[in-house]
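Below: the structure, in structure tokens.
The chains referred to below are lettered A, B, ... by the order of the sequence lines, with proteins before strands, and numbering in each begins at 1. Worth knowing before you read on, the calculation uses all heavy atoms, side chains too, and leaves out hydrogens, waters and symmetry mates.
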Number of protein chains: 2
Amino acid sequence: MKSAPNLPAAHPPQRLLLVDDHAVMRAGLANMLNSRPEFVVVAQADNSDLALEHYKAHSPDIALLDVMMPGISGIECLRRIRDHDPAAKILMLSSTEMIAEIDEAIHAGASGFVSKTALPAELIAAIKTVLNGEQALDEDLKRRLEVESRQAHLTPRELEVLHLLRHGMSNPAIGNELRITARTAKAHVAAIMEKLEAQDRAEAVAKGFERGLLRP
Amino acid sequence: MKSAPNLPAAHPPQRLLLVDDHAVMRAGLANMLNSRPEFVVVAQADNSDLALEHYKAHSPDIALLDVMMPGISGIECLRRIRDHDPAAKILMLSSTEMIAEIDEAIHAGASGFVSKTALPAELIAAIKTVLNGEQALDEDLKRRLEVESRQAHLTPRELEVLHLLRHGMSNPAIGNELRITARTAKAHVAAIMEKLEAQDRAEAVAKGFERGLLRP
DNA sequence: CAAAACACTGGCCTATCGGACAATAGTTTC
DNA sequence: GAAACTATTGTCCGATAGGCCAGTGTTTTG
């Protein structure tokens, strides 16, 4: 990186990549960040594919990723970027505050998490924290993450079954789909219902949506 | 700092109210709109209660409402504003594009609907359309609304039952709750499943979330 | 005024569900 | 190497679900 030739800038601006499918949000973010001397938005993307391309092309100091995007989700995008550059600094932005998503993002290697309801100043602070090599996580979110982690979490298999429940499949149908007996499918369903504190599969599906395990 | 006092302002700027729980989005919108001489943001709110207060206090020419807000939804806010001022011009903004929401908003008296994925220019155009007294609805959305309206829609009673299904209630339990026989509850559930093309109540609940009839 | 939609109710039948008891084997973790 | 977690399968039973055949009364709508 080259230093600014004439400016008395002790530090060159930090280079950012913005990824969000909402054009207005992107424009607003870019505007806000570019108005500060310590930042410069070098690229923007409205989808995950473009995001990865831009990341490779610009190697930004930090990437701001929206979690919710049509097609390839922000979290999958996060994984790909991290795959390309294990040292990537990635701050996730979210409109919802579903713990399951945050948890997934953190485990996938996100450097931090900021709600879109956060004030601009909070966002700026989070960006600086991540650039500093630390993890940017709201105290409130941290607490909720701990609470959630104490809650029973579904095993991969159970998650798989939950997705089939969502599509109205019976135990025999699930067994057929997963090549296990209906009895085993039943056991998974029972485990799901107990963990999600649901009285039947319908409520289990609802809880799945509430916890962000299932998406509309 | 941008409106020069000595300019020959042929038209006074149109006064806007912004309502969105996402501070960053609000800031971005305000920034973008204020940078144009024809608009001025006179107030902002991050919740529905404050929105109504501000509407009463400022009587803006147009209000931009986010549909998704914690607590009182944007649509309920829309109803209250319209209740206060039947001639109010209200443009709804949405991050999701769930037809059920749009449909509900239009029926509740929204003057238009714009997705947050829309380009700034499209948003500006929509605002001007609404200010012109016309309805701002994307052609694509219009088509999808028609398709959706052809789809069977749930009756109020069925919607009520769907909410009980979500909480894992059995037919007898539903009957008890609604003071009808289990047989009638069953009939409602059957109607729901047929209309939503679901094989069982679990899938009906899932479809409910997909269509925006149920919220996380 | 007729037609359609809505809310409600009945019986009968079979498949499925969910709970109550289980057990076995592989993997990961400590 | 023990302990915990995961995935798997078994049987029995009563309750529930969902499909099928109905019908009645009210309200809305054309």
Checking dG10(D), dC6(C), dT8(D) against the side chain of Thr181(A) (C-beta onward), the nearest is dG10(D)
Testing dA7(D), dG19(D), dG19(C) for proximity to the side chain of Met193(B), the answer is dG19(D)
Gap between atoms [atom1] and [atom2], on [X] and [N] respectively (whole Å):
{"X": "Ile192(A)", "N": "dC17(C)", "atom1": "CD1", "atom2": "C1'", "answer": "14 Å"}
{"X": "Leu178(A)", "N": "dT9(D)", "atom1": "CG", "atom2": "P", "answer": "10 Å"}
{"X": "Asp200(B)", "N": "dT14(C)", "atom1": "CG", "atom2": "C1'", "answer": "17 Å"}
{"X": "Glu158(A)", "N": "dC5(D)", "atom1": "CD", "atom2": "C1'", "answer": "11 Å"}
{"X": "Met169(A)", "N": "dC17(C)", "atom1": "CE", "atom2": "C1'", "answer": "16 Å"}
{"X": "Lys195(A)", "N": "dT6(D)", "atom1": "NZ", "atom2": "C1'", "answer": "9 Å"}
{"X": "Leu154(A)", "N": "dC5(D)", "atom1": "CG", "atom2": "P", "answer": "15 Å"}
{"X": "Glu194(B)", "N": "dA17(D)", "atom1": "CD", "atom2": "C1'", "answer": "16 Å"}

Angle between ring planes, Phe209(B) versus Phe209(A), binned at 30° and 60°: parallel, tilted or perpendicular?
parallel
*So what does Arg183(B) touch, heavy atoms closer than 4.0 Å: a base, only the sugar-phosphate, or nothing?*
base
- request: Check every strand shown and say whether Ala182(A) touches a base, only sugar-phosphate, or nothing at a heavy-atom separation below 4.0 Å.
  value: nothing
Heavy-atom nearest nucleotide on DNA chain C taken for Asn171(A) and for His188(B); more 5' hit belongs to His188(B)
Whichever of Lys186(B) and Ile180(B) has the more 5' nearest nucleotide on DNA chain C, that residue is Ile180(B)
Any donor-acceptor pair under 3.5 Å linking the side-chain atoms of Ser111(B) with those of Gln135(B)? no
- Message: Test your reading of the model: is there a side-chain donor-acceptor pair from Lys89(A) to the backbone of Leu131(A), 3.5 Å cut-off?
- Response: yes
ask   = Within the pair Thr184(A) and dT9(D), is there a side-chain N or O less than 4.0 Å away from OP1 or OP2?
value = yes
>> With a cut-off of less than 4.0 Å, is there a side-chain N or O of Thr155(B) near OP1 or OP2 of dA7(C)?
In response: yes
Salt-bridge present (Glu210(A), Lys207(A); N to O < 4.0 Å): no
Pair Arg79(A) + Glu104(A): basic N to acidic O under 4.0 Å: yes
Q) Do Arg201(A) side-chain and dG18(C) base share a donor-acceptor contact under 3.5 Å? A) no
